[in-house]
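What follows is a single structure, written as structure tokens, with notes after it.
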Amino acid sequence: MKYDFDAELKKRYSNDPTYEKVIEILNSDESKLGNDFLSLRTSLDMSQEKTAEYLNISPLNYIEIESGTSDQFIEELKSYFKKLQELKF
């Protein structure tokens, strides 16, 4: 049986007054992009530190990308993602 994160989150926290805000954050473009970076990094079996080193950015900067809190321009993020994707080939 596949774990349904959304259903479990709703079941546990839908009565919490901050639930809607949490869902809004989780569904944001920034969060989705961060998840894409996380998925790609883990598929490459790389640590956050090694990934940051490869991209020539600070580990904190990379953590911000994965967490969806980076204030970098989208074009810069796309170039980082493309550079990581090239490792798969």
Side-chain angles (χ1 to χ4, degrees):
M1 181 174 150
K2 184 178 176 190
Y3 182 76
D4 188 342
F5 177 79
D6 293 333
E8 187 63 29
L9 186 69
K10 186 173 185 174
K11 183 173 85 174
R12 289 185 188 196
Y13 300 107
S14 62
N15 293 329
D16 187 312
T18 61
Y19 172 77
E20 291 300 323
K21 183 66 177 168
V22 169
I23 295 302
E24 182 182 318
I25 291 169
L26 289 174
N27 289 327
S28 70
D29 290 338
E30 293 85 356
S31 181
K32 290 177 184 175
L33 183 59
N35 285 335
D36 289 343
F37 270 91
L38 172 64
S39 295
L40 180 56
R41 176 180 63 79
T42 56
S43 75
L44 294 168
D45 197 29
M46 293 176 71
S47 68
Q48 288 178 321
E49 293 80 10
K50 286 290 184 189
T51 304
E53 182 181 323
Y54 178 75
L55 296 173
N56 200 30
I57 59 176
S58 73
L60 179 58
N61 192 284
Y62 185 76
I63 290 167
E64 289 173 342
I65 292 171
E66 279 193 6
S67 68
T69 60
S70 175
D71 59 0
Q72 293 180 305
F73 294 106
I74 193 71
E75 291 305 316
E76 192 172 12
L77 295 174
K78 284 180 182 178
S79 72
Y80 292 155
F81 197 78
K82 183 177 180 181
K83 188 173 181 180
L84 287 174
Q85 283 180 313
E86 290 171 356
L87 289 174
K88 289 193 85 153
F89 304 106

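A donor-acceptor pair under 3.5 Å is formed between the side chain of S67 and the backbone N or O of E64. At least one donor-acceptor pair closer than 3.5 Å links the side chain of S28 to the backbone N or O of S31. Between the side chain of N27 and the backbone N or O of I23 there is at least one donor-acceptor pair closer than 3.5 Å.
Using a 4.5 Å heavy-atom cutoff, the side chains of E49 and Y62 are not in contact. Counting heavy atoms from C-beta outward, T51 and L40 have side chains that stay 4.5 Å or more apart.
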What do the steps show when you test Y80 against I65 for side chain to side chain contact (heavy atoms under 4.5 Å, CB included), and what is the final call?
CA-CA 10 Å; Y80 292 155; I65 292 171; 3.8 Å; yes
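To the nearest 0.5 Å, atom CD of residue Q85 and atom CG of residue D36 are 9.0 Å apart. With rounding to the nearest 0.5 angstrom, the CG atom of L44 is 9.0 Å from the OH atom of Y54. Atom CG in L84 sits 9.0 Å away from atom OG in S43 (nearest 0.5 Å). Distance check: N61 CG to Q48 CD gives 11.5 Å after rounding to the nearest 0.5 Å. F37 CZ to S70 OG: the interatomic distance, rounded to the nearest 0.5 Å, is 8.5 Å. Between L9 atom CG and L26 atom CG the span is 6.5 Å, to the nearest 0.5 Å.
Hydrophobic clustering keeps L77 apart from L38 (ILVMFWY residues linked when any side-chain heavy atoms are closer than 4.5 Å, directly or through intermediates). No continuous path of ILVMFWY side-chain contacts below 4.5 Å connects L33 to I63, so the two sit in separate hydrophobic clusters.
Within 6.0 Å of atom OH in Y19, more than 12 heavy atoms from other residues, nucleotides or ligands are found, so the atom counts as buried in its surroundings. When the shell of 6.0 Å around CG of D45 is examined, it contains 12 or fewer heavy atoms from other residues, nucleotides or ligands.
Applying the salt bridge (Lys or Arg N to Asp or Glu O under 4.0 Å) test to K21 and every residue at least two apart in sequence or in another chain returns E24.
A salt bridge does not link K83 with E86: every distance from a Lys NZ or Arg NE/NH1/NH2 to an Asp or Glu carboxylate oxygen is 4.0 Å or more.
Residue pairs meeting the salt bridge (charged side-chain N to carboxylate O under 4.0 Å, His left out) criterion with at least one member in residues 65-79, sequence neighbours excluded: R41-E66, E75-K78.
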